[in-house]
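Below, chain A is the first sequence line, B the second, and so on; all start at residue 1.
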2 protein chains.
Amino acid sequence: MLASERRHRVLELVRLRGGFASLPELAKELQVSQSTLRRDLEHLERTGVARRTRGGVLYTGSFPGLPHFQLREPAQWEKKRAIARAAAALIQNGDTLLLDGGSTTYELARLLVGRPLQIVTNSLPVANLFAANAFADLVLVGGIVYPRTGVALGSMAIQMLQHINVRRSLLSVAGINERGFFNSNLLLVETERAMMQAADEVIVLADSTKFGHKSLAFLAPLERVDCIVADEELSPKWQERIRRAGVRLVLAPLEPEEKAAEEEQDAKPPKSTSRKKDSRR
Amino acid sequence: MLASERRHRVLELVRLRGGFASLPELAKELQVSQSTLRRDLEHLERTGVARRTRGGVLYTGSFPGLPHFQLREPAQWEKKRAIARAAAALIQNGDTLLLDGGSTTYELARLLVGRPLQIVTNSLPVANLFAANAFADLVLVGGIVYPRTGVALGSMAIQMLQHINVRRSLLSVAGINERGFFNSNLLLVETERAMMQAADEVIVLADSTKFGHKSLAFLAPLERVDCIVADEELSPKWQERIRRAGVRLVLAPLEPEEKAAEEEQDAKPPKSTSRKKDSRR
DNA sequence: TCATTCCTGAACGAAAACGATCATTTCCAG
DNA sequence: CTGGAAATGATCGTTTTCGTTCAGGAATGA
């Protein structure tokens, strides 16, 4: 079994067990030694999807229920987080926002919790973030919930969106090519088109790996949106192409630590002597 | 500080810390000894709202985000669970259901997960239960989300409900008196009236403590609903009154164990000699 | 083919947490 | 006022877990 696959299975097991699993439990289930598990846990903790506790692992990965959020590959994830940070900087307090589903917009939503905003969303994971929050008003867009991502879609969602107007819509896409934006689901793009119409300004969040790839369903041409937020690894060719379409382009910087983390953080800087053996008590 | 208050604060702290808190952490925060905490944790675990792990507590209380779900008093909670069990027995596979917010309907929803159903709900916690589930179709009713309970309300919710028809609506109420049903929020009762209109059959879930108390907003007269599910501690006077109104009454039995649990379960049964000393590798 | 590197599993001492017990305090009921 | 039950906090021996180290094996590249 591959190490990365094993780590995914660890996460999945933890999730299945309701957010926590003990180390002996995992070792038995996965047929590996506890030593290996410890190393995996350390890795998972560093990437932020799990938290170690004495005796086991705690799932902190964003949304326990949905399979979609399991496969956060660290590399992409850091890009998404960088993009989310850059996008959060574009948002002003008091804004009215429409947040799409998708992992990038979810990361953005996490950063927006606690700020005074009015949030409209059709995404269950995003809604959960704001539901308990007194600072933000939350409007939930209803509809048929698509199990894979926990997003409400369909005619009911579209109809409801037609009665809503927001300052900014923030959308995720699955692919971008010369013709425009794509997503993986027909119902989804229909709903997203309604989201675009409901907003004064449309912002698309997409990491650099999305560019040059199309997907099942066409969403909209490039010039239909006002702004694209991508990470700084986007090729100059695409940067030029975006700007020529008259779309504002925001490039999110990847923090140094994260660059390290992105390369499957190794190159153990000072070897193992960096072990923190701090004064306890 | 009262013991029960301290336990609530334990839960709250655990929740604030993202679902887990270590024992020393809690001891320091609450200014009590670890021994006391251990006893509290044991208690909380037995009532089902938390799970102990070596080194700390894990929050299992249904929905981490919402304050509403924190104060599940064990006594009421067992009643709610009994009612939920009885109500679940009324539901047939393949049914189309409309589930209200509220802790009793939430307990019911938990029991329904995994059954082939079509679920319509305006409750975020309930929706989360079914979002990842492939067996049930989920339709989310949108609207303005009321922070206290995570329920979508308002004109958008009502409008959406008018386009929906279900076999059964299951509602929670805050109080019942001779005039009928009450709830604590004006927007809520408006939305619930729309839920009643959307269903062929209306079922109200209410534990025995709700009877004889009214609340802020009038919902509907007794005879407007088809069935009430209550626990068996409902007074004969009220049983008679319900039946005379032509409403079917289902009384949920409280299991023996739960009766014990309700009386602040003690009488430590077989002591601790069950030490497992298993062979490790 | 050989050497290097990475991953894995086992072993061991150290540290942490557990349950149990006991003394003390608090709080009621008689 | 007093006796007893319940709750609390400290202590102690035991068990569990952790981090580290070391050795064997698989994969990779020269």
Practice task
Could you say whether A:G55 or B:T36 is positioned toward the 5' end of DNA chain D, judged by the nucleotide with the nearest heavy atom to each?
Solution key: B:T36

Fill in the blank from the handout: The answer to which of B:S35 and A:S22 contacts DNA chain D further toward the 5' end, by nearest nucleotide, is B:S35

Problem - NZ/NE/NH1/NH2 to OD/OE distance under 4.0 Å, B:R51 and B:E45 - result: no

Problem - Heavy-atom donor-acceptor pair, A:S33 side-chain to C:dA10 base, under 3.5 Å - result: no

Exercise for the section: Report yes if a donor N or O on one partner sits less than 3.5 Å from an acceptor N or O on the other, where the partners are the side chain of A:R39 and the base of C:dG9; otherwise report no. Expected result: yes

Can you tell me how far [atom2] of [N] sits from [atom1] of [X], to the nearest Å?
| X | N | atom1 | atom2 | value |
| --- | --- | --- | --- | --- |
| B:Q31 | D:dT8 | CD | C1' | 14 Å |
| A:L30 | C:dG9 | CG | C1' | 15 Å |
| B:R52 | C:dA16 | CZ | P | 18 Å |
| A:L23 | C:dA17 | CG | P | 16 Å |
| A:D40 | C:dG9 | CG | C1' | 13 Å |
| B:R6 | D:dA7 | CZ | P | 10 Å |
| A:L26 | C:dG9 | CG | P | 14 Å |
| B:E42 | D:dT8 | CD | C1' | 15 Å |

Exercise for the section: Answer with base, sugar-phosphate or nothing: what part of the nucleic acid does B:T53 contact at a heavy-atom distance below 4.0 Å? Expected result: sugar-phosphate

Practice task
Check side chain to side chain donor-acceptor pair (under 3.5 Å) between A:R115 and all other residues, then give those that pass, not counting sequence neighbours.
Solution key: A:N93

Problem - Heavy-atom side-chain proximity of B:N177 to B:H213 below 4.5 angstrom - result: no

Handout entry: Residue pair B:L26 / B:V10, side-chain heavy-atom distance below 4.5 Å
Key = yes

Handout entry: Phosphate-side-chain proximity, A:R38 and D:dT20, N/O vs OP1/OP2 below 4.0 Å
Key = no

Practice task
Would you tell me if any nitrogen or oxygen in the side chain of A:R54 comes within less than 4.0 Å of OP1 or OP2 on D:dT15?
Solution key: no

Exercise for the section: Apply side-chain hydrogen bond (donor to acceptor under 3.5 Å, both in side chains) to B:D231 and B:S208, showing your working. Expected result: CA-CA 6 Å; B:D231 59 275; B:S208 51; 2.9 Å; yes

Fill in the blank from the handout: Annotated structure of DNA chain D as dot-bracket, pair cut-off 3.5 Å, Watson-Crick or G-U only, | for inter-strand, is ||||||||||||||||||||||||||||||

Handout entry: Heavy-atom closest pair, residues B:A86 and B:V229
Key = CB-CG1, 3.9 Å

Exercise for the section: Would you please name every residue forming a ring-ring contact (aromatic ring centres under 6.0 Å, His included) with B:F211, sequence neighbours left out? Expected result: B:W238

